[in-house]
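Residue numbers start from 1 in every chain, and the chains themselves are labelled A, B, ... in the order their sequence lines are given, proteins ahead of strands.
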Protein chains: 2
Amino acid sequence: MNQSQNSSLDLPIKTIFILEDEPDIAELIAINLKKSGFKTKEFTNADLFYKQLKKEKPDLLILDLMLPDTDGLEVCKSLRSNSSYSSIPIIMLTAKADEIDKIIGLELGADDYVTKPFSPRELVARVKAVLRREIDLNNQDRVRVADILEIDFAKFEVYVEGKKAELTNTELKLLKLLLHKKGWVYSRGQILDYLDPDDKGVLDRTVDVHIKNLREKLGPAGKLIKNIRGVGYKFEV
Amino acid sequence: MNQSQNSSLDLPIKTIFILEDEPDIAELIAINLKKSGFKTKEFTNADLFYKQLKKEKPDLLILDLMLPDTDGLEVCKSLRSNSSYSSIPIIMLTAKADEIDKIIGLELGADDYVTKPFSPRELVARVKAVLRREIDLNNQDRVRVADILEIDFAKFEVYVEGKKAELTNTELKLLKLLLHKKGWVYSRGQILDYLDPDDKGVLDRTVDVHIKNLREKLGPAGKLIKNIRGVGYKFEV
DNA sequence: AAATTAAATCATGAATCAATCACAAAATTC
DNA sequence: GAATTTTGTGATTGATTCATGATTTAATTT
């Protein structure tokens, strides 16, 4: 049981409810959360979940959108409309990416969304991120990329796995460009043009160096910046 | 109706306008704000909003950046440039990360922003945070920052570690700006615009000097004013 | 496997930007 | 309106960041 990964959070152990009809998936989630020092309780249907909820309030709920008996959205809605449960953070599991758009448009918001198939690592990272936000609400709205990367645009701050990375202005600009269209390959020419539209006489090698420095400062997230030989660079999740 | 969550704020019930074209989202926001004891009015387009604004001034505006008829930025700008509305706090809703740049780059832009998809709980928390900030800055009471800094805006007095610091008017204004959105980076242009909106021909170097003097007079608290190379200054706690 | 090409890395000089200073110009105070 | 305080300017200094060309490493082609 690895408790240390949980060290950035408050000391008391957090309890997480999992409402998911497929036992395999539920257990996969539970095992990984436990490994990170969380307590979990799994429920295969909404009734069992509601029953337990009366006895014990979880710190977070992981909720499958597609339940056999009840719609996950209904569960979310009913929790949100009940003042004693409305403060429980919810992470939704959805099957398809385009379902998210529906959810967004719908009248209830979960705290985060994860699409199936998901990596357990990713889910755990999101759980931690949501709980961290709970604790520190005066912190800015950080845009999260690929689990470990967070950017606070207002503060010009970048965090990798919760730790601050000190980027220069051009490095941050470069990162923004690469993130603008994830997976899209940008040529060195395009990158230089974005970094300084006026200056035309800058060599391509300069980009390499910026990429190198950026990768270095981003640590593990630096690996996500890929080179496409003969073409340019891209950010791949 | 849970009124207690609102207890930290001033007693009179706060009215919040929501300018958002998608009714589902507008209602989602409204429901959750009402649950926290706020009064809300929703508008699906800018015309309706402006019409009501003439009759009634809200305590805060939640503004979607992407409106069908008008650009949300335009609404923000027009409110800011109108002295009778310029003090209304604005929270912006954005869909994409790169839209955030626009908000931040805008002279005296929004007070906060939330990216879609957002959780209603988070938005409510942001609303409360912004309102608390407004109250603080208009309070007779002293505002405490980072343990060592105390500011009495009514008396125009600043104390560092209990000792009074003699700031000039512009220095106090500058400090107030930096503290308004703690951690947010202000460009020299934004700072100059705030210090004297009319005077346009003032050099950037002037800001440096004000910052220097302010840092000096704030003693140990001066270290909290950070420069972001190539961007501007911020107050970091 | 050798040759070829491109990317990563490195050290260094150039350029940029912030901090500071001394002084001039305004604005306040007396 | 003289004196004093505050604000703005331009120059100088110092630090950081950026750009470059050479060199090493890695990937691709023949």
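One can place CD1 of A/Ile225 at 13 Å from C1' of C/dA8, the figure rounded to the nearest angstrom. Atom CG of A/Leu167 is separated from atom P of D/dT16 by 17 Å (rounded to the nearest Å). Put simply, NZ on B/Lys212 is 13 Å from P on D/dT7, counting in whole angstrom units. Nucleotide D/dT20 holds its C1' atom 14 Å from the CG atom of A/Asn213, rounded to whole Å. Atom NE2 in A/His210 sits roughly 17 Å away from atom P in C/dC10 (whole-Å rounding). Protein atom CG of A/Asn227 is 9 Å distant from nucleotide atom C1' of C/dA8, rounded to whole Å. Between the CG atom of B/Leu203 and the P atom of D/dA11 there is a distance of 11 Å, given to the nearest Å. Summarising the geometry, the separation between CG on B/Leu174 and C1' on D/dT6 is reported as 14 Å, rounded to the nearest angstrom.
Proximity note for B/Thr170 (side chain, C-beta onward) versus D/dT7, C/dA7, C/dA19: the nearest is D/dT7. The side chain of B/Val202 sits closest to D/dG8 out of D/dG8, D/dT20, C/dA7. Here the nucleotide nearest the side chain of B/Val209, chosen from C/dA7, D/dT7, D/dT9, is D/dT9. Nearest nucleotide to the side chain of A/Arg215, out of D/dC18, C/dA8, D/dG8: C/dA8.
Between A/Tyr233 and the phosphate of C/dA6, there is no side-chain N or O to OP1/OP2 separation shorter than 4.0 Å. The side chain of B/Arg205 contributes no N or O atom lying less than 4.0 Å from OP1 or OP2 of C/dC21. When the side-chain nitrogen and oxygen atoms of A/Arg188 are compared with OP1 and OP2 of C/dA6, none of them lie within a distance under 4.0 Å. Between A/Thr168 and D/dC18 there is a side-chain N or O to OP1 or OP2 distance below 4.0 Å.
Two residues are said to be in side-chain contact when any heavy atoms from C-beta on lie closer than 4.5 Å; B/Ile16 and B/Ile29 fail this criterion. At a threshold of 4.5 Å between non-hydrogen side-chain atoms, the residues A/Asp112 and A/Arg144 count as touching.
Within the 4.0 angstrom heavy-atom criterion, only backbone atoms of the sugar-phosphate kind lie near B/Gly201; the bases stay farther away. Residue contacts shown for B/Thr206 include a base, since a base heavy atom lies under 4.0 Å away. Note on B/Asp208: a base of the nucleic acid sits closer than 4.0 angstrom, heavy atoms only.
Place B/Gly230 and B/Glu216 on DNA chain C by their nearest nucleotides, and B/Gly230 ends up nearer the 5' end. Both B/Leu195 and B/Arg229 sit near DNA chain D, but only B/Leu195 has its closest nucleotide nearer the 5' end. Ranked by how close their nearest DNA chain C nucleotide is to the 5' end, A/Asp199 and A/Ile228 are led by A/Ile228.
The residues B/Glu74 and B/Lys77 are annotated as salt-bridged, a charged nitrogen and a carboxylate oxygen being separated by less than 4.0 angstrom.
Relative to the six-membered ring of B/Phe17, B/Lys51 misses at least one condition, a distance below 6.0 Å or an angle of at most 45° to the axis.
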Candidate pair A/Lys14 and A/Ser36, rule side-chain contact (heavy atoms from CB on, under 4.5 Å), full reasoning: CA-CA 10 Å; A/Lys14 303 282 180 180; A/Ser36 289; over 6 Å; no
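Side-chain polar atoms of B/Tyr113 and B/Arg126 form no donor-acceptor pair below 3.5 angstrom.
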